[in-house]
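This structure is a prediction, so every number in the text was calculated from the model and none was measured. Atoms within a ligand are numbered from 1 in the order they appear, just like the ligands themselves.
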Amino acid sequence: MSHNTNETMKDQTDSKLWGGRFSENTDAFVEAFTASINFDKRLYKHDIAGSQAHAKMLQKVGLLSTEEAQAIKKGLNEILIEIEQGKMQWSIALEDIHMNIEAKLTERIGLAGKKLHTGRSRNDQIATDIRLWLREQIDHICSEIQRLQQGLLILAEQEAETILPGFTHLQVAQPITFGHHLLAWYEMLVRDKERLQDCRKRVNIMPLGAAALAGTTYPIDRAYTAELLGFERPANNSLDAVSDRDFAIEFTAAATLIMTHLSRFSEELVLWTSAQFNFINLPDRFCTGSSIMPQKKNPDVPELVRGKTGRVNGHLISLLTLMKAQPLAYNKDNQEDKEPLFDTVDTLLGCLRAYADMVPHIEVKPDNMRRAAMQGFSTATDLADYLVGKQLPFRDAHEVVGKAVAYGVETSQDLSEMSLEELQQFSDTIRADVFEVLTLEGSVAARNHLGGTAPEQVRTQIAAARNQ
Ligand code: ARG
């Protein structure tokens, strides 16, 4: 290699912040293949916040002069504005968000910009960025969950006395109140939020200072950086800090459960809007039509939410698989954590938003619900319980009611529609007071204990939920 050729190559590799030991340019395809800027640019705000705190700490411990720290602060603030105004030119050659911003900073402020990376690595930087970002997203998700919960409470209060059939095996089982049914969804979301808040504790630990993997030789003050960034504390082990993504996996697992809950809820909304159930109506603004069948009004929002559950489940498997065979410490594999994580958050926020907007506007059709509860002998258990009250052992009572139901099927009438004489064919202990328990209202009102379906319990639960 002539001296001349060598010089030219050196020029070409100068554009890379790590170009010093390289003697030829990165292959153009490899450059694009290894770059993450197209997706990690969305971490810009958190990357800048991390750098601001790092620079402040470097100044505190004497590694940057006041002027240098000031220049970095100002330069980063200007870059932040430039990005938010959509004026930043992102470069694939600069690979990722960290080097894009650092190069821009040096271009703006010169020498001080080159000092920012003292005592850190992109390995602890990216781990910090993701944690800062995810912490913010968790808070956002929790407030959307809360908004959906508020909607459920409003509707549950309105429908505290509305009766519909409760199902097991999708067969009519016992009458329940619609308020009670809605509160079941509320409870699942309580746990979903708790899971996120618990996960947040482990997200909120600071990797910075771990540097590439072993820590750094500079006299850094990690507790100070952690405090500036609102982290609970710095991570205890530098290898662990740069390498594990268990916090992202844990978050995604919590997300899959939320999606699973929303998906089951969706399934019910889809069923309930069908002509066969006809229990509810979703306002037109949450539905779409068919391009060929003019009569159609489709529950697209619940269907899509149900469908999107699949991709979030997929992201959980992606992240678990990404992690499972990685030796310590950081490996480039970890760059693949972002897209599944970002999409999990986007999908979840979209679904929660749609539901929080839609749920308070669900139109209930109480007459249809009631009619359905009248079919399918939903008060059969109440008749058995009544007979137990008249000293029949439960198994015998079960048998008696079974026969009465068979008679009802034969004569096409509900238990409550039979005359006293008809009912007495099956047990002579039955008296006129039986009709109080055979009504739908009597049935639900009788389940008046903590967790039961009685309207009074629904109201108690709503009040307790609002108190929290
Ligand atoms: N883009 C990288 C990631 O997402 C940043 C860390 C790169 N570190 C490295 N040594 N190549 O994980």
Report the nearest protein non-hydrogen atom to [atom]: residue, atom name, distance rounded to 0.1 Å.
atom                    : value
atom 12 (O) of ligand 1 : Tyr330 OH, 2.4 Å
atom 10 (N) of ligand 1 : Asn123 OD1, 3.1 Å
atom 11 (N) of ligand 1 : Arg122 NH2, 3.5 Å

**Request:** Measure Lys338 to ligand 1 on non-hydrogen atoms and call it side chain, backbone, both or neither using the 4.0 Å cut-off.
**Result:**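 Contact part for Lys338 vs ligand 1: side chain (C-beta onward).
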
Would you mind listing which atoms of ligand 1 come within a distance below 4.0 Å of any non-hydrogen atom of [X]?
X      : value
Ser36  : 1 (N)
Gln335 : 1 (N), 2 (C), 3 (C), 4 (O), 12 (O)
His98  : 5 (C)

**Message:** His98 and side chain to side chain donor-acceptor pair (under 3.5 Å): which single residue from Asp40, Asp47, Asn123 fits?
**Reply:**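 Result: among Asp40, Asp47, Asn123, Asp47 is the only option passing the side chain to side chain donor-acceptor pair (under 3.5 Å) with His98.
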
Polar side-chain atom of [X] near backbone of [Y] as donor-acceptor pair, under 3.5 Å:
X      : Y      : result
Lys74  : Ile109 : no
Asn334 : Ser243 : yes
Asp27  : Phe29  : yes

**Request:** May I ask you to decide whether Asp139 forms a salt bridge with Arg200, counting only side-chain N to carboxylate O separations under 4.0 Å?
**Result:** yes

**Prompt:** Can the ring centroids of Trp185 and Tyr355 be said to lie less than 6.0 angstrom from one another?
**Reply:**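 No, the ring of Trp185 stays outside the 6.0 Å limit from the ring of Tyr355, centre to centre.
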
